[in-house]
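Along the sequence shown, residues carry numbers from 1. Computation of the quantities below employed the complete heavy-atom set of this structure, encompassing side-chain atoms and omitting hydrogens, waters and symmetry-equivalent molecules.
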Amino acid sequence: MAVVTEELVPVLEDARQAHTAVLGRFRADATITPPGPYRQMLERQAAEVQISVQRIRRQERALHPRGLLGTAVGVTRSVSGARCARRCCR
């Protein structure tokens, strides 16, 4: 699982950066666009991209190391989960 996490974190960072750039573009375009349906569409798209950026950030935080205590808790959970799965499958 650690290998997958190590590979996934940079991908999520790249995705967040790309979404942030798109968000900035939508906001800039909405700022200079006169009021009307096109501006409303740009503002809606900016709001949707903002939600995506927040989701990506949450996912990144969930995957980043949490220090010694967080790592110990994570290892304990995975070991206990594996043991429970073995008992249930027998």
Side-chain angles (χ1 to χ4, degrees):
M1 185 70 170
V3 174
V4 173
T5 300
E6 289 173 8
E7 292 177 9
L8 189 56
V9 169
V11 172
L12 286 172
E13 289 172 354
D14 290 345
R16 181 181 39 80
Q17 290 172 358
H19 277 72
T20 302
V22 169
L23 177 61
R25 183 58 191 243
F26 280 145
R27 286 181 176 164
D29 287 353
T31 301
I32 62 171
T33 301
Y38 183 66
R39 182 176 182 160
Q40 291 173 346
M41 181 203 56
L42 289 171
E43 290 169 345
R44 267 193 316 273
Q45 287 179 330
E48 290 172 8
V49 172
Q50 178 65 44
I51 292 168
S52 295
V53 169
Q54 291 169 347
R55 285 184 190 148
I56 294 168
R57 281 190 182 133
R58 279 194 303 268
Q59 195 67 22
E60 281 180 301
R61 272 187 258 133
L63 293 174
H64 276 291
R66 297 172 297 271
L68 185 59
L69 182 58
T71 303
V73 170
V75 168
T76 303
R77 283 184 183 156
S78 65
V79 168
S80 64
R83 286 185 180 167
C84 289
R86 283 190 215 136
R87 286 183 194 157
C88 294
C89 293
R90 287 184 180 182

Atom pair CD (Q45) and CG (L23), whose distance is rounded to the nearest 0.5 Å: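 If we round to the nearest 0.5 Å, Q45:CD and L23:CG are 11.0 Å apart.
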
Pairwise side chain to side chain donor-acceptor pair (under 3.5 Å) hits with a residue in residues 8-28, at least two apart: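 For residues 8-28: R16-E60, R25-D29, R27-Q50.
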
Anything under 3.5 Å between a donor and an acceptor, one on a side chain of residues 34-41, the other on a protein residue two or more places apart or in another chain? List them.
| residue | atom | partner | partner atom | Å |
| --- | --- | --- | --- | --- |
| R39 | NE | A30 | O | 3.2 |
| R39 | NE | E43 | OE2 | 3.2 |
| R39 | NH1 | T33 | O | 3.1 |

In one Ile/Leu/Val/Met/Phe/Trp/Tyr side-chain cluster, 4.5 Å: I56, V49: no

same_hphob_cluster(V53, L12) at 4.5 Å side-chain heavy-atom cutoff: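 They do not share one cluster, since no chain of ILVMFWY contacts under 4.5 Å joins V53 to L12.
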
